[in-house]
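This report refers to the structure that appears directly beneath it.
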Protein chains: 2
Amino acid sequence: MNIGDVASRSGLPPKTIRYYEDIGLVKPVRSTNGYRRFTDADVHKLVFLARARTLGFSIEDCRTLLGLYEDQSRESAHVKAVAEEHLHAIEQKIEQLQAMHSTLSGLVEACHGDSRPDCPILTDLSTVK
Amino acid sequence: MNIGDVASRSGLPPKTIRYYEDIGLVKPVRSTNGYRRFTDADVHKLVFLARARTLGFSIEDCRTLLGLYEDQSRESAHVKAVAEEHLHAIEQKIEQLQAMHSTLSGLVEACHGDSRPDCPILTDLSTVK
DNA sequence: ATAGTGCTTCCAGCTACTGGAAGCTCAAGG
DNA sequence: CCTTGAGCTTCCAGTAGCTGGAAGCACTAT
């Protein structure tokens with residue numbers, strides 16, 4: 001299978017698939033014409049990667065998870081630990097964003113937003129906290 | 001004032017302040033010894049930048065906001081528009097992260113997390129959605 | 001034969017810094 | 001006066017995860 005087919009099956013752009021080869025996540029063989037030739041197993045891996053990335057796992061996490069995926073003697077505890085750590089990171093990001101949101105929405109509401117120059121948003125930004 | 005003092009007053013690392021000079025956000029003059037010399041106005045700008053960055057504004061947004069901050073004839077509507085757009089982006093990010101969180105926490109709960117290899121997390125990841 | 005699409009590689013750029021090396025400047029202590 | 005250490009300078013490279021573009025070969029259809 002050529003890269004274009006794999007792209008449409010996995011939902012990943014060809015560029016990204018090449019990049020994943022560069023960093024060693026997939027290792028397609030080459031046809032005599034130099035084209036990458038992907039096996040079904042390669043496609044599975046790429047689907048796996050696409051899904052893991054939409055769940056926000058880093059590339060390094062993906063590498064780990066892919067290793068576990070292919071290791072028949074893995075322990076599910078290992079997978080769970082990786083996922084839990086990521087979950088924790090997501091929670092922290094959400095909290096950060098919610099803090100930003102709360103502050104900023106307060107400021108936006110306080111700003112009359114007309115042609116006058118005075119603005120509580122700018123006042124806040126220029127204030128040392 | 002030297003960069004070290006400015007760093008402690010603004011909370012920004014010296015490296016970051018130099019970077020902000022590189023990209024034209026501040027323009028400190030130079031002393032005869034080659035050191036950057038910051039005025040109070042420069043410090044105000046850097047405090048402004050530090051605060052805007054903690055609220056998640058991009059550097060380009062910061063550049064715009066800084067321009068408005070220094071423009072006495074600005075319209076608060078302009079500031080508000082920039083802030084609202086950013087607020088919207090924050091909301092979208094939060095939604096994305098919450099979707100990830102919801103999926104992932106379901107999977108983590110479903111995984112028994114022991115020494116056995118079978119794992120619903122991996123099963124999900126390897127499934128085309 | 002030719003046109004058009006798909007594939008290849010390589011290089012550069014994106015965001016917002018951060019680390020490190022090499023070297024100059026300055027203030028304090030002996 | 002000399003040395004030591006901290007602070008400053010510049011420059012280069014690397015981080016994450018792609019993405020865009022150029023130049024050029026391969027393949028298919030007409």
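Chain A is the first sequence line, chain B the second, and so forth, proteins listed ahead of strands; every chain is numbered from 1. The figures that follow rest on heavy atoms only: side chains count, while hydrogens, waters and symmetry mates do not.
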* Out of Cys119(A), Pro120(A), Pro117(A), which one pairs with Val79(B) under the side-chain contact (heavy atoms from CB on, under 4.5 Å) rule? ->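 It is Cys119(A); the other options fail the test.
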Interatomic distance where [atom1] belongs to [X] and [atom2] belongs to [N] [whole Å]:
X	N	atom1	atom2	answer
Ile3(A)	dC7(C)	CD1	P	7 Å
Asp5(A)	dT5(C)	CG	C1'	13 Å
Ile17(A)	dG6(C)	CD1	P	14 Å
Lys15(A)	dC7(C)	NZ	P	13 Å
Leu49(B)	dT15(C)	CG	P	16 Å
Tyr19(A)	dG13(C)	OH	P	18 Å

* To do: Please work out which residues in residues 22-30 of chain A have a non-hydrogen atom less than 4.0 Å from an atom of DNA chain D and list them by number.
  =>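 Under 4.0 Å from DNA chain D: no residue of residues 22-30 of chain A.
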Donor-acceptor list for residues 33-40 of chain A side chains, cut-off 3.5 Å, not counting sequence neighbours:
residue	atom	partner	partner atom	Å
Asn33(A)	OD1	Tyr35(A)	N	2.9
Arg36(A)	NE	Glu21(A)	OE1	2.4
Arg36(A)	NH2	Glu21(A)	OE1	3.2
Thr39(A)	OG1	Ala41(A)	N	3.4
Thr39(A)	OG1	Asp42(A)	N	3.1
Thr39(A)	OG1	Asp42(A)	OD2	3.1

* Between which nucleotides of DNA chain D, read 5' to 3', does contact with chain B run, using atoms under 4.0 Å from its heavy atoms? ->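 Result: dG7(D) to dC11(D).
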* Residues, nucleotides or ligands: over 12 heavy atoms within 6.0 Å of Gln98(B) CD ->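 Counting other residues, nucleotides and ligands, CD of Gln98(B) exceeds 12 neighbours.
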* Of all residues at least two apart in sequence or in a different chain, which pass the salt bridge (charged side-chain N to carboxylate O under 4.0 Å, His left out) check with Asp114(A)? ->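 Per chain and number, Asp114(A) pairs via salt bridge (charged side-chain N to carboxylate O under 4.0 Å, His left out) with Arg116(A).
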* From CG (Leu107(A)) to CG (Leu55(B)), nearest 0.5 Å ->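 Reported to 0.5 Å precision, the distance equals 7.0 Å.
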* Roughly how far, to the nearest 0.5 Å, is the CD atom of Glu91(B) from the CD atom of Gln96(B)? ->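 Between atom CD of Gln96(B) and atom CD of Glu91(B) there are 13.0 Å.
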* Ser58(B) side-chain N/O to dT15(C) phosphate OP1/OP2 under 4.0 Å ->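 For Ser58(B), the contact criterion (side-chain N or O under 4.0 Å from OP1 or OP2 of dT15(C)) is not met.
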* Residue-phosphate contact under 4.0 Å: Tyr20(B) side-chain N/O, dA16(C) OP1/OP2 ->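 No, outside the criterion.
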* Partner residues of His101(B) under the ring pair (Phe, Tyr, Trp, His ring centres under 6.0 Å) criterion, sequence neighbours left out ->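 For His101(B) there are no ring pair (Phe, Tyr, Trp, His ring centres under 6.0 Å) partners, ignoring immediate neighbours.
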Donor-acceptor pairs under 3.5 angstrom involving side-chain atoms of residues 63-71 of chain A: please list them, not counting sequence neighbours.
residue	atom	partner	partner atom	Å
Arg63(A)	NE	Glu60(A)	OE1	3.1
Arg63(A)	NE	Glu60(A)	OE2	3.3
Arg63(A)	NH1	Ile23(A)	O	2.9
Arg63(A)	NH2	Ile23(A)	O	3.1
Arg63(A)	NH2	Glu60(A)	OE2	3.3
Thr64(A)	OG1	Glu60(A)	O	3.1
Asp71(A)	OD1	Ser73(A)	N	2.9
Asp71(A)	OD1	Ser73(A)	OG	2.9

* Closest to the Asn2(A) side chain: dT25(C), dC7(C), dA16(C)? ->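 So the nucleotide nearest the side chain must be dC7(C).
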* Indicate, with a heavy-atom threshold strictly under 4.0 Å, whether Pro14(A) touches base, sugar-phosphate, or nothing. =>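 No contact.
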* Contact class for Arg18(B) (heavy atom, under 4.0 Å): base, sugar-phosphate, or nothing? ->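 Counting heavy atoms under 4.0 Å across all strands, the contact made by Arg18(B) includes a base.
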* Val108(B) versus Lys80(A): any side-chain heavy-atom pair under 4.5 Å? ->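 Yes. Closest side-chain heavy atoms under 4.5 Å.
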